[in-house]
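As structure tokens, the structure follows; a few thoughts come after it.
Residue numbers start at 1 and run along the sequence shown.
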Amino acid sequence: VEDETSSLRCAHELGELCEGMQIVVNLVPYVRKFETDFNHCPKMSHIKEFMSVLWSYGVRCRILLPMGVDIPQANRELVMRGEKRRRRRKKSRIPF
């Protein structure tokens, strides 16, 4: 999430804490799921810079990208299909 935890200062703190340890840090970019979700993912260039800071401390890390990055678009399409079906059913009902 684009906030204090993704700052380069935080990367340096994490690097200092993990220096000399045999670990792998997984960087998982935030994926916005809903229109009302106000969190944002940092730009890939910033994520790579964060990763290079960790590497400078000898900390192994990798970026884990989710499969199907355009999940919000797919969700919107499913919602729209459901709404169309409901409208068709409503029109086909015979009023009594």
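- For the side-chain contact (heavy atoms from CB on, under 4.5 Å) criterion with Cys18, the lone passing option out of Ile23, Leu54, Val24 is Ile23.
- For the pair Glu19 and Tyr57, the tightest heavy-atom approach, listed with the atom from each and the gap, is CG-O, 3.4 Å.
- For Arg62, the side chain to side chain donor-acceptor pair (under 3.5 Å) test picks out Asn26, with sequence neighbours left out.
- Lys43 NZ to His46 NE2: the interatomic distance, rounded to the nearest 0.5 Å, is 11.0 Å.
- Two residues are said to be in side-chain contact when any heavy atoms from C-beta on lie closer than 4.5 Å; Met44 and Ile63 meet this criterion.
- Interatomic distance, Leu14 CG to Phe50 CZ, rounded to the nearest 0.5 Å: 5.5 Å.
- Residues Gly15 and Val59 come closest through the heavy atom pair O-CG2, 4.1 Å.
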